[in-house]
*Asks:* 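Can you read through this structure? Questions will come right after.
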Amino acid sequence: MTDTGNVRAVVRGVGHYLPERVVENAEFEATLDTSDDWIRSRSGIERRHFAAEGQTTSDLAVRAARAALEDAGLGPDDLDAIVLATSTADLTFPSAATMVQEALGMTRGFAFDVQAVCAGFVYALSNANALIRSGQAQRVLVIGAETFSRIMDWTDRGTCVLFGDGAGALVLEAQAGTGESTDRGILSSDLNSDGRYRDLLYVDGGISTGSSGVLRMQGKEVFRHAVEKLSATADTALERAGLTHADVDWIVPHQANIRIIQATAKKLDMPMDKVVVTVQDHGNTSAASIPLALSVGKARGQIRQGDLVVTEAIGGGLAWGAVVIRW
Ligand code: UT7
């Protein structure tokens, strides 16, 4: 690659993994004052997957990684780097990314985790794009993997019915582009955070507090920020790529709540038939939700080569952002 100025990080493969155990909304009715109808109507969620006992985030990540490598027709030593977005790494250290590196049998390159909660995958994509465009890596495996079932308060009906476990992965590869928005690959990104909103969504423990903690959320407040900030970040990323709403084939949003997805699509002037929706089957899988939706969207025949895809996400921090990709 000589002309590094026009190098693009192009999607060469995609894959995902969902743990076997499927939990329908109705299961929560046995232990909580809730109902399938409430969960469905307020969030759009119908079921989610939970990791088996002993199954960790890196286990899910490895399965998704293998699927993405197979889709790309590549092996682990074809990779220069692994960037793994998660807030539920197996251990405090080493990173889940280095565990995936070892499990894949990748004996070169480097691997690290990115922690930006539900925005983790857009942060990871943006970082991987920077590694490729600056010539530090030719091929990067970008993973979003979570086991949020491990940080639920099972007595809090306002949160524990919303989250699920899973993993998705993309293989990005350096390819020569023209510098125009017609290029394949990542065309632009926009990242934001505002730590003043930490109390809206957080885990009330961590290594330096001596407990692992559980997730706490002021759902209504997060909802309000989400619609505003997601549409703004998608607009900013599109503008940076020199594109408009009319150019977009697919919005692939973070899958937290169908009402947020619908309201954001409306603000972006996008009909729902241009939005990839998986929230009904996965629940909110935090950093895994976008790569899961990209992989499922491709498998369904929705996302095709050449399509313009806008991903956008928001979560704890608050942290939010968007990435524009020509598939
Ligand atoms: O991924 C990171 C980003 N996270 C999000 O984007 C989540 C954003 N927030 C949301 O998705 C929604 O705010 C929720 C789904 C969490 C809640 O929906 P809502 O329409 O904002 O409901 P609410 O919090 O205003 O609660 C309405 C009522 C409350 O009862 P009262 O106080 O009106 O009597 C809740 O106690 O619903 C009650 N409630 C439930 N009822 C049955 C809360 N959770 C449940 C439940 N089942 N599971």
Side-chain angles (χ1 to χ4, degrees), residues 16-25 27-28 31-32 34 39 42-64 84-92 96 113-124 143-169 198 200-207 211-219 222-223 226 253-258 260 278-293 313-320:
H16 72 273
Y17 174 73
L18 289 157
E20 248 170 65
R21 185 171 166 226
V22 177
V23 176
E24 301 287 339
N25 288 346
E27 271 200 43
F28 291 101
T31 51
L32 290 170
T34 190
I39 301 168
R42 303 315 292 163
S43 73
I45 297 165
E46 298 172 22
R47 60 193 65 81
R48 74 288 291 139
H49 294 245
F50 283 160
E53 211 181 310
Q55 198 175 27
T56 62
T57 292
S58 71
D59 294 333
L60 310 189
V62 168
R63 304 283 285 262
L84 193 157
T86 190
S87 301
T88 48
D90 306 24
L91 301 176
T92 300
D113 289 355
V114 165
Q115 209 273 46
V117 204
C118 298
F121 196 74
V122 294
Y123 273 62
I143 308 172
E146 303 279 16
T147 47
F148 262 51
S149 63
R150 309 301 193 229
I151 52 166
M152 289 296 107
D153 172 354
W154 298 109
T155 65
D156 178 10
R157 66 177 183 171
T159 55
C160 74
V161 301
L162 302 173
F163 293 88
D165 302 337
R198 59 181 270 179
L200 298 189
L201 179 50
Y202 63 101
V203 169
D204 62 2
I207 188 64
S211 76
S212 57
V214 288
L215 183 145
R216 303 287 177 210
M217 178 167 73
Q218 296 177 37
V222 176
F223 193 116
H254 170 49
Q255 310 282 322
N257 186 316
I258 191 66
I260 295 176
T278 55
V279 69
Q280 69 283 2
D281 296 324
H282 302 166
N284 182 346
T285 59
S286 190
S289 91
I290 287 176
L292 270 164
I314 186 166
L318 295 175
W320 67 101

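Count residues from 1 along the sequence.
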*Asks:* Please examine the side chains of V117 and S286, heavy atoms only from C-beta on, and report whether any two atoms are closer than 4.5 Å.
*Replies:*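 Heavy-atom side-chain distance check passes, below 4.5 Å.
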
*Asks:* Test of understanding: with side chain to side chain contact (heavy atoms under 4.5 Å, CB included), list the residues that count as partners of A51, not counting sequence neighbours.
*Replies:*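 Per chain and number, A51 pairs via side chain to side chain contact (heavy atoms under 4.5 Å, CB included) with P19, Q55, T147, R150, D165.
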
*Asks:* Please evaluate residues V161 and I45 with respect to the criterion side-chain contact (heavy atoms from CB on, under 4.5 Å), reporting the C-alpha separation (whole Å), side-chain torsions for both, the decisive distance (0.1 Å), and the verdict.
*Replies:* CA-CA 9 Å; V161 301; I45 297 165; over 6 Å; no

*Asks:* Just checking L91: does its CG atom have more than 12 heavy atoms from other residues, nucleotides or ligands closer to it than 6.0 angstrom?
*Replies:*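 Yes, because the 6.0 Å sphere around CG of L91 holds more than 12 heavy atoms from other groups.
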
*Asks:* Can you tell me how far apart NE2 (H49) and NE2 (H282) are? Round to the nearest 0.5 Å.
*Replies:*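 The NE2 atom of H49 sits 5.5 Å away from the NE2 atom of H282.
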
*Asks:* Check Y17 against A64 and note the closest heavy-atom contact, atom names and distance.
*Replies:*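 Closest approach of Y17 to A64: CB-N, 3.8 Å.
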
*Asks:* Donor-acceptor pair, distance only, cut-off 3.5 Å: does the side chain of T86 make one with the backbone of A145?
*Replies:*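 Checking the backbone N and O of A145 against the side chain of T86, a donor-acceptor pair under 3.5 Å is found.
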
*Asks:* Considering non-hydrogen atoms only, spot the tightest contact between I290 and A313 and give its length.
*Replies:*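 Nearest pair, atom of I290 first, then A313: CD1-CB, 3.8 Å.
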
*Asks:* Between T57 and T88 (side chain of the first, backbone of the second, donor and acceptor by atom type, cut-off under 3.5 Å), is there such a pair?
*Replies:*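 The answer is yes, because a donor-acceptor pair under 3.5 Å joins these two groups.
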
*Asks:* When rounded to the nearest 0.5 angstrom, what is the spacing between OG1 in T34 and CD1 in I39?
*Replies:*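 These two atoms lie 4.0 Å from each other.
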
*Asks:* Do you know the tightest heavy-atom contact between F121 and A287?
*Replies:*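 Nearest pair, atom of F121 first, then A287: CB-O, 3.4 Å.
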
*Asks:* Taking all heavy atoms of G168 and all of P291, pick out the closest pair and write down the distance.
*Replies:*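 That would be C-CB, 3.4 Å.
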
*Asks:* Show your reasoning for whether side-chain contact (heavy atoms from CB on, under 4.5 Å) applies to R48 and N284.
*Replies:* CA-CA 8 Å; R48 74 288 291 139; N284 182 346; over 6 Å; no

*Asks:* Can you tell me how far SG of C160 sits from CE of M217, rounded to the nearest 0.5 angstrom?
*Replies:*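 The SG atom of C160 is 11.0 Å from CE of M217, to the nearest 0.5 Å.
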
*Asks:* Run the numbers on Q280 and I258 for side-chain contact (heavy atoms from CB on, under 4.5 Å), then give the verdict.
*Replies:* CA-CA 8 Å; Q280 69 283 2; I258 191 66; 5.9 Å; no

*Asks:* Any side-chain to backbone donor/acceptor pair from N257 onto R42? Under 3.5 Å, distance only.
*Replies:*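 Checking the backbone N and O of R42 against the side chain of N257, a donor-acceptor pair under 3.5 Å is found.
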
*Asks:* Drop me the distance from F148's CZ to F50's CZ, to the nearest 0.5 angstrom.
*Replies:*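 Between F148 CZ and F50 CZ, I get 12.0 Å after rounding to 0.5 Å.
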
*Asks:* Can you tell me how far the CD1 atom of I143 sits from the CZ atom of R63, to the nearest 0.5 Å?
*Replies:*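 The distance works out to 13.5 Å.
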
*Asks:* Which atom pair, heavy atoms only, marks the closest approach of V22 to E27?
*Replies:*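 Reported closest heavy-atom pair: O-OE2, 4.1 Å.
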
*Asks:* F28 vs W154 aromatic rings, parallel, tilted or perpendicular, using cut-offs 30° and 60°?
*Replies:*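 The rings of F28 and W154 lie parallel, inter-plane angle below 30°.
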
*Asks:* Using only heavy-atom distances, determine whether the side chains of T56 and D59 contain a donor-acceptor pair under 3.5 Å.
*Replies:*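 Side-chain D/A pair, T56 to D59: present.
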
*Asks:* Within the side chain of E146, is there an N or O that forms a donor-acceptor pair under 3.5 Å with the backbone of S87?
*Replies:*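 Side chain of E146 to backbone of S87: a pair is present.
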
*Asks:* If I take atom OG from residue S43 and atom CG from residue L162, how far apart are they, to the nearest 0.5 angstrom?
*Replies:*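 Nearest 0.5 Å value for the OG-CG distance: 5.5 Å.
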
*Asks:* Determine the minimum heavy-atom distance between A116 and A319, stating which atoms define it.
*Replies:*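 Heavy atoms of A116 and A319 come nearest at O-CB, 4.2 Å.
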
*Asks:* Apply the test side-chain contact (heavy atoms from CB on, under 4.5 Å) to residues L215 and D153: give CA-CA distance (whole Å), side-chain angles for both, the deciding distance (0.1 Å), then the verdict.
*Replies:* CA-CA 7 Å; L215 183 145; D153 172 354; over 6 Å; no

*Asks:* Can you tell me if D113 uses its side chain to pair, donor with acceptor, with the backbone of A96 under 3.5 Å?
*Replies:*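 Pair found, side chain donor or acceptor close to backbone of A96.
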
*Asks:* Quick one: does D204's side chain have a donor or acceptor within less than 3.5 Å of a partner on V214's backbone?
*Replies:*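 Between the backbone of V214 and the side chain of D204 there is a qualifying donor-acceptor contact (under 3.5 Å).
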
